[in-house]
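One structure is given below, encoded as structure tokens.
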Number of protein chains: 2
Amino acid sequence: MNIGEIAKRAGVSRSTVSYVLSGKRPVSDGTRQKIQRVIDELGYQPNASARALANGRTNTIGLVFPPAGNHYTGMQLDFIGNVVEAAAAQDYDVLLSPSGMDSDRSFQRLLGERRVDGAILMELRLQDDRFDHLNSVGLPSVAIGRTAHPENGWWVGLDHTALAEACVHHLADLGHRTIAFVNRPEQLLRAGYESAHRGLEGFTKAAAERGVTSRTYCCGDDASSGQACLERILHDEPATTALVTLNEAALGGLYRGLAKAGRHVPRDFSVTGVVASRWAETVTPQLTAADVPAEQMGRLAVDLLVERLDHPDAPARHHLLAPPISLRASTGPASTGPASTG
Amino acid sequence: MNIGEIAKRAGVSRSTVSYVLSGKRPVSDGTRQKIQRVIDELGYQPNASARALANGRTNTIGLVFPPAGNHYTGMQLDFIGNVVEAAAAQDYDVLLSPSGMDSDRSFQRLLGERRVDGAILMELRLQDDRFDHLNSVGLPSVAIGRTAHPENGWWVGLDHTALAEACVHHLADLGHRTIAFVNRPEQLLRAGYESAHRGLEGFTKAAAERGVTSRTYCCGDDASSGQACLERILHDEPATTALVTLNEAALGGLYRGLAKAGRHVPRDFSVTGVVASRWAETVTPQLTAADVPAEQMGRLAVDLLVERLDHPDAPARHHLLAPPISLRASTGPASTGPASTG
DNA sequence: TTGAAAGCGTTACCAA
DNA sequence: TTGGTAACGCTTTCAA
């Protein structure tokens, strides 16, 4: 069934049916009702491909995220869910593209075949060549995260620098003098992941400011890497009494490592970092952390993109978020006595 | 740039360019190379909407999952990620539809506007009206999960009945005589969620067979509900020494509740259930559980759907999976002495 | 207020 | 081995 069929049954032309559908030109009440009745009766819905071909808009946005090779973290998955929700609320569908590298077939399809009106980029790198590709084909995009030069971009980001700083200050205020930093995997750091770089930068800066002894580690995105990383931390510097982590997937392993080392959280050892709240609340004791506002960020990203699609010449906009640290149960005063273990 | 432009520059007709692209009819080596050179030079890619309109295939599959209202569990998110990966491997894109109810706009768009060639359904109910809608518009689909009457359907499912039974047997073998069952939220049970129903059925049956005392609980999909549920369990029957859970999101809360009640896992209390391995390994002690093979299931679902799309008359196929229990560290012999606490 | 018809960029059939 | 051309189903301009 197509628009011609509707037109025939309603005794009007196809264009009139089209205008009833789009509302782009006035249609008399009588005709409109007649047509609407036929549409409802037959449950007609216009074909998306034909519509996209004719008017150049797909009403679909692309969500570009890295392939599972590196494992999905809970945070990434949270973003996906929330972007899809927010897009649905604006009557946009979301096409997923699991592409980190610009050479990826799926990414190429999205861009080159014009399957989407615009794209949301996740897992940003400081120098992100995906922007060049998007710009070169004229596809509007919004990033979740920001590059090294975010001045004129469209993005919604988390101020990882400030967040990591806040974590250090929180721990230093509690009297901790030796603090470790658990970052994302080295491979991602080397690839230029902005959260890893900016977080590290903030941690290092604040540690220097407060004169605390610090070491930084890269850690795989899974529990067993977290456990191994913690063993390394205590081996390298047994006097360590606290850590800051950006690595949500490793969190359970970090806790396990502490338990095995006989360090009680928060009595002997404090843990904090940047983690989505729902994961922070899963561990025991619940994690004192800067909660990643995945829902808000997903919504903002979609809103920005839709705005950009509706107003191609609108000036670039962005949102830099720096949520406060939610005090839960994983941090406490540095223990005065020696927290020795075997 | 379009196919006409390529044709002009290569000095051939549009149809010949099209056939070079699709390979659906032989083209002489000379012409092919001439055309291919122009294509590469200009970086031409055919427009997806036009192609879909002309040949009736979008090369996109829809992934239908419930809205975030009920929170995404890690398992659901795992499925999404793995389906997208598997689809990309077959050069299909994935369109997400956050729709539980059939009335949902996004679901309607997917079906009615023919944005996809077929669909994968997640979070199945025993009676799932989404099938009726899909069938009524002639859209092929594959379910992750199975209805009450899966005989002639296309699906890949987990044998929750057998899995829950295996959990009970495992615990009974260890000497546990009083076991609780922690299910998904009551709202989902009432809605007819198949995993909740079949899991409950398997648990109840095995508990009866083994003559163990049992109680069953519904529990919200989050940590604090898990903690509350555990308190209820111990309040209702302090002699409980083990539990089986299908509720992954509550797991952290269950553990926390046990810790607060002074029950050490696995010495005083055993925990097992059906959980994706990556989450099972996050908690301490690591969970002995039937690992949900999310990756395999995602891949199988995509493979089945692609097969069905390629062979519209192929007989229905399905895969019923019953992964073995992975022994980790959360179960042990029932404690002989009274495991008393305040 | 409405209709006719020319696109939109492909595919695939029919001829040559 | 290739070219011409009619679909595919919609939107939108031009006329009435």
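What you see is a predicted model; the values in this text were computed from it and never measured. So you know, we letter chains A, B, ... as the sequences are listed, proteins then strands, and number each from 1.
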Pair B/Arg109 + A/Asp91, salt bridge at N-O below 4.0 Å:
yes

Given D/dC10, C/dT10, C/dC13, the nucleotide with the shortest approach to the side chain of A/Arg51
D/dC10

Between C1' on C/dG3 and CZ on A/Arg14, what's the gap in Å once rounded to a whole number?
11 Å

Heavy atoms only, 4.0 Å cut-off, all strands: where does A/Thr31 land among base, sugar-phosphate and nothing?
sugar-phosphate

Looking across every strand, which nucleic acid part, if any, lies under 4.0 Å from A/Ser49 by heavy atom: base, sugar-phosphate, or nothing?
nothing

In whole Å, I'd like the distance from the OH atom of A/Tyr19 to the P atom of D/dG9.
20 Å

Shortest side-chain distance from B/Ala54, nucleotide among C/dT11, D/dC10, C/dG3:
C/dT11

Inter-axis angle, terminal five-pair segments of the helix from C/dT1-D/dA16 to C/dA16-D/dT1 [nearest 10°]:
40°

B/Glu194 and B/Arg125 ion-paired at < 4.0 Å
no

If you find the nucleotide of DNA chain D closest to B/Ser28 and the one closest to B/Leu53, which residue's nucleotide is nearer the 5' end?
B/Ser28

Judged by modelled atom types alone, do B/Arg115 and A/Thr58 share a side-chain donor-acceptor pair under 3.5 Å?
no

How many angstroms lie between CD in B/Glu5 and CG in B/Leu42, if you round to the nearest 0.5 Å?
7.0 Å

Round to a whole Å and report the spacing from CG of B/Asn59 to C1' of C/dT11.
14 Å

State which of D/dG9, C/dG9, D/dT2 makes the closest approach to the side chain of B/Thr16.
D/dT2

If the cut-off is 4.0 Å, is A/Tyr44 near the phosphate of D/dG9, judged by side-chain N/O to OP1 or OP2?
no

Round to the nearest Å and state the distance from A/Leu21 atom CG to D/dT12 atom P.
12 Å

Nearest-Å distance, CG (B/Asn2) to P (C/dC8)?
8 Å

With the side chain defined as heavy atoms from C-beta on, A/Ile3 is closest, among D/dC10, C/dG9, C/dG3, to D/dC10

Verify the contact: side-chain N or O of A/Ser13 to OP1 or OP2 of C/dA4, cut-off strictly under 4.0 Å; return yes or no.
no

For B/Asn55 and C/dG9, give me the distance from atom CG to atom P, rounded to whole Å.
17 Å

Below 4.0 Å: OP1/OP2 of C/dA12 and any side-chain N or O of B/Lys24:
yes

Spacing of A/Lys34 atom NZ relative to C/dT1 atom C1', expressed in whole Å
12 Å

Quick note, B/Ser15 side chain, CB onward, closest among D/dG9, D/dG3, C/dT10 is D/dG3

Carefully, step by step, assess A/Asp40 and A/Gln36 under the rule side-chain hydrogen bond (donor to acceptor under 3.5 Å, both in side chains).
CA-CA 6 Å; A/Asp40 293 344; A/Gln36 193 61 53; 3.0 Å; yes

Begin with the C-alpha distance, continue with both residues' side-chain angles, and end with the deciding distance and a verdict on side-chain hydrogen bond (donor to acceptor under 3.5 Å, both in side chains) for A/Ser49 and B/Ser49.
CA-CA 5 Å; A/Ser49 302; B/Ser49 302; 5.8 Å; no

Quick one: is B/Ser18 getting a side-chain N or O under 4.0 Å of the C/dT10 phosphate, OP1 or OP2?
no

Does the distance from a Lys or Arg side-chain N to an Asp or Glu carboxylate O, for A/Asp29 and A/Arg32, drop under 4.0 Å?
yes

One should read off an interatomic distance between A/Leu53 CG and B/Arg51 CZ, to the nearest 0.5 angstrom, of 13.0 Å

Grab the CZ-C1' distance between B/Arg25 and C/dC13 for me, whole Å please.
10 Å

Residue mapping more 5' on DNA chain C - nearest nucleotide basis, A/Pro26 or A/Ala50:
A/Pro26

